[in-house]
Amino acid sequence: MPNEALRELYVDELRDLYNAENQLVKALPKLAKAANSDELRTAFEDHLEETKGQVARLEEIFKMLDESPKGKKCAGMEGLVKEGSEVMEEDFEGEVMDAALIGAAQRVEHYEIAGYGTVRTFAEILGESEQVSLLEETLEEEKAADEKLTEIANNVNWEALNEDETEDEEVEDEPVSQSSSKRGAASSTGGKPAKRKNGRAA
Ligand code: FE
Ligand code: ZN
Ligand code: FE
C-alpha cells in the first residue's frame with residue numbers, strides 16, 4: 001500500500017514538529033527575558049501560550065492516529081534555538097538586541113511554516129480532514145506570529161538605527177571637549193588619538 005509509506009512519513013514529520021514545539025516551549029521564555037521592548041516581550045509571551053496550544057493540538061492528532069508523539073529530535077529547531085542563544089550571548093543593547101532576537105525568531109517561524117505546510121498537505125492527501133483543520137489552525141498562528149514580528153521589526157530597526165547615530169555623535173563630541181588644550185595640533189589628524197603622541201617622533 002503506497003498510503004502506508006506516506007502515513008509513516010506523515011507521522012514522522014508530526015513527531016519532528018512535536019519535538020520542535022517542545023523545544024520552543026523552553027526557548028521562548030528566554031527570548032522574552034532577553035527582549036528590551038515591552039511589545040517584543042509580549043509577542044514572545046503570547047506566542048509561548050499559542051505554542052503550548054500547538055503542542056496540545058499535535059497530541060490530539062497523535063491520539064486520532066493512535067500513535068506516540070515521541071521518538072524524534074528536531075535537529076533543525078535545535079540549530080535555530082542554538083543560534084538564538086548565541087544572539088543572546090552577544091552584548092547588543094536595547095533596540096539592537098531586539099532586532100537580533102527578531103531575526104532569530106523569524107527564522108524559527110519560517111521553519112515551522114514550512115513544516116506545518118508539509119504535514120497539512122500530507123493530511124489532505126491521506127484524507128484526514130479533521131487533522132487538516134487542526135494543522136491549518138497552527139499554520140495560521142505561525143504566519144501571524146511571523147507577521148507580528150515583521151511589524152515590530154519595522155519599529156525596532158529604525159530605533160536601532162537612531163540609537164547608533166546618537167552614539168556616533170557622542171563619540172565625535174568627546175575628543176573635542178576633553179583635549180581642548182591640544183586642539184591646535186590635533187585638528188587635522190582626528191580619528192586616531194592614541195597614536196598621536198608617538199606619531200610626533202616618527
Ligand atoms: Fe509553533
Ligand atoms: Zn525538524
Ligand atoms: Fe511559532
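Whatever order the structure lists ligands and atoms in, that order sets their numbers, starting from 1. Reckoned from all heavy atoms, side chains included, excluding hydrogens, waters and symmetry mates.
Ionic pairing of E21 and K52 is not present here: no N-O contact between side-chain nitrogen and carboxylate oxygen is shorter than 4.0 angstrom. Between K143 and D146, none of the side-chain N atoms (NZ, or NE/NH1/NH2) sits under 4.0 Å from a carboxylate O, so this pair counts as no salt bridge. A salt bridge is defined here as a Lys NZ or Arg NE, NH1 or NH2 lying under 4.0 Å from an Asp or Glu carboxylate O, and E60 with R57 fails to meet this definition.
Summary: NE2 is the N/O/S atom of H47 found nearest to the Fe ion (ligand 3).
Residue contact annotation: E112 places an N/O/S atom under 2.8 Å from the Fe ion (ligand 1). In summary, T138 places no N/O/S atom under 2.8 Å from the Fe ion (ligand 1), failing the contact criterion. For residue E109, an N/O/S atom approaches the Fe ion (ligand 3) to within less than 2.8 Å.
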Evaluation steps, side-chain contact (heavy atoms from CB on, under 4.5 Å), between E112 and M77: CA-CA 9 Å; E112 290 183 299; M77 188 58 74; 3.9 Å; yes

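To the nearest 10 degrees, the Fe ion (ligand 1) sees OE2 of E142 and OE2 of E21 at an angle of 90°.
Looking at heavy atoms from C-beta onward, M64 lies in side-chain contact with L134 at the 4.5 angstrom threshold.
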